[in-house]
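Every chain is numbered from 1 and lettered A, B, ... according to where its sequence line falls, protein lines coming before strand lines.
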Amino acid sequence: MSLAHVRIADIAQHDGQTVTLAGWLYNLRKSGKICFPILRDGSGIIQCVAVKANLPEETFEALKNLTQESSVKITGKVRAEQRATGGFELDVESCEILQRVPEETPYPITPKDHGIDFLMDHRHLWLRSRRQFAIGKVRHEVIKATRDYFDENGFTLVDCPIFTPAACEGTTTLFEVDYFEDEKVYLTQSGQLYNEANAMAFGKVYCFGPTFRAEKSKTRRHLTEFWMVEPEMAYATLEDVKELAEGLVCFIVQRVLANRRTELAILERDVSKLEAITGPFPRISYDEAVKILQRKGSEIEWGSDFGGTDETLLAEEFDRPVLVEKYPAQVKAFYFQPDSERPELALGVDMLAPEGYGEIIGGGQRIHDYDLLLKRIEEHHLPKEAFDWYLDLRRFGSVPHAGFGMGIERCVAWMCGLEHIRETIAYPRMLYRTRP
RNA sequence: UCCUCGGUAGCUCAAUGGUAGAGCAUUCGGCUGUUAACCGAAGGGUUGUAGGUUCGAAUCCUACCCGGGGAGCCA
């Protein structure tokens, strides 16, 4: 693709040349007979220099009176400049204003402080700011790395439906869709059941898409709509899942460190924390986790699941993600394969990110025996008819299989070192926020 | 859903029962190296909504609405 204009990100290749940049006015500083329009173009930010003596009167006046976020094409000469943050400046020769933001309705997001409510109301504009831009780039890198990792390791992308007739876990956390005749349909909360079918067809598969949870969760690590990548492998066990999860996370961290240093710097991320993320990750059992938590003062009892505080307490024991495995079957979903030595345990594993970012991965080995799966469906009072096709997978060449799900937003929040998950997605959907 | 804090100028905040104010933004003026530029001036208010207490309410009380933080919930 070639464009008539140069991207700011590529400006170093054009030192000394006259180029045209197409972007938006990020900020403007002026001082009588010289002014400094700061231009943003979606690839980077550069300071332009307009000197009154070197320009036609109307060009200088137009630039000097430009308003924030007006769209403008600026032509000028690229010059290496020690004083500039990006290392280059543009000496303005001419400009073309596409749309000038009127003074009466100025751009609402000024370079000064704003509260979160105001910023969220203006999310469609907030995305233009430097920090949100950096987060968006890291998110893109995380997703690209995730896809590359699976693609390069023999996985096939087979996406799963978003409208689903049956619940994985009961219906209380599902969004009901009132449209289809004859049956109730819900927005998916996981592609896993379909993934299992796909794995029997393709061997190793993954799906990647939005998932929906109707949980009344109001915390810094929950979204109502979030994106999840879910691999599933035939002829695989809990051990394979742990290995795959560790490999994926290391790969993502390396990619982000390799390609997004600039963005991490904008976010003031302590990169040494990410540089420490190398395999092997510590692996502990649920039993050991409970002992650690009790020693640290948690009131957790064996048999219950970890709360957010427990996850943080546990994670702070380690400087890299920790894998916690073999949970009591009672806290896990119906489809987990039981441990052969201790059937009260489920062959599930969670990966807890360091620095309090919580569970980023959850998965495990699935039940492959028909009779056991049917028993579990009945024990959980799930409608057997809805799982007929799922049970088919245990009738026709059933094999041990395993997989996991990774929440993209939690992973991005961790990479970026964010306080709140709401900044990791362009338009977050939360309990009390659905606009813009 | 519960606990907790908050809602005052476009934005971020101050005013602790007695004349509603500052910084930024906007407008006008000044400045040839600014880095959230700076200096001077101007305009800008039904203090979330409704009711109550009081001589007098942004301030105290009640209800509701909206939001922040936390909890619970949560492959």
Measure from the side-chain N and O atoms of A:T312 to the backbone N and O of A:G308, and report whether any donor-acceptor pair falls under 3.5 Å. yes
Strictly below 4.0 Å, heavy-atom distances to any atom of RNA chain B: list the hits from residues 344-372 of chain A, or just say none. A:E359
Strictly distance-based, threshold 3.5 Å: is any side-chain N or O of A:T434 a donor or acceptor partner for the main-chain N or O of A:R429? no
Please list, pair by pair, any protein nitrogen or oxygen found under 3.5 Å from a nitrogen or oxygen in nucleotides 6-15 of chain B.
residue: B:C11; atom: O2'; partner: A:D113; partner atom: O; Å: 3.1
residue: B:C11; atom: O2'; partner: A:H114; partner atom: ND1; Å: 2.6
residue: B:U12; atom: OP1; partner: A:G115; partner atom: N; Å: 2.9

Short question: side chain of A:R213, backbone of A:Q189 - any donor-acceptor pair under 3.5 Å? yes
Whole angstrom value for the distance that separates C1' of B:U32 from CD of A:E89: 13 Å
Nucleotide nearest A:S217 when distance is taken to its side chain, options B:G72, B:G68, B:U34: B:G72
Can you check the A:K216 NZ to B:C3 C1' distance for me, whole Å? 18 Å
Given B:C73, B:U1, B:G67, the nucleotide with the shortest approach to the side chain of A:R433: B:G67
Candidates B:G68, B:U32, B:C73 - which lies nearest the side chain of A:R422: B:G68
Base of B:G72 paired with side chain of A:K218 (donor-acceptor, under 3.5 Å): no
Have a look at A:T85 and say if it touches a base, only the backbone sugar-phosphate, or nothing, with a 4.0 Å heavy-atom cut-off. nothing
For A:Y107 and A:D91, take the nucleotide of RNA chain B holding the closest heavy atom to each; which residue's nucleotide lies nearer the 5' end? A:Y107
Using Watson-Crick geometry (N1-N3 plus N6-O4 or O6-N4) or G-U wobble (N1-O2, O6-N3), each under 3.5 Å, B:U1 is paired with B:A71
Look only at the side chain of A:S43 and the backbone of A:I8, and say whether a donor-acceptor pair between them is shorter than 3.5 Å. yes
Quick check: do A:I367 and A:F336 have side-chain heavy atoms less than 4.5 Å from each other? no
Options B:U32, B:G69, B:G33, nucleotide nearest the side-chain atoms of A:R83: B:G33
Under 3.5 Å, is there a donor-acceptor pair between the side chain of A:H380 and the main chain of A:L382? no
What nucleic acid atoms does A:R79 come within less than 4.0 Å of, heavy atoms only: base, sugar-phosphate, or nothing? base
For A:V51 and A:E104, find the nucleotide of RNA chain B closest to each by heavy atoms; which residue's nucleotide sits nearer the 5' end? A:E104
Taking A:R366 for the side chain and A:G403 for the main chain, is one N or O donor matched with an acceptor at less than 3.5 Å? yes
When A:K242, A:K332, A:R283 are each screened for salt bridge (charged side-chain N to carboxylate O under 4.0 Å, His left out) with A:E325, the one that passes is A:K242
Using only modelled atom types and a 3.5 angstrom limit, is any donor from either the side chain of A:E215 or the base of B:G72 paired with an acceptor on the other? no
Let's see if you can work this out: which of B:C31, B:G69, B:G33 has an atom nearest to the side-chain heavy atoms of A:H420? B:G69
Below 4.0 angstrom from OP1 or OP2 of B:C66, is there any side-chain N or O of A:R435? no
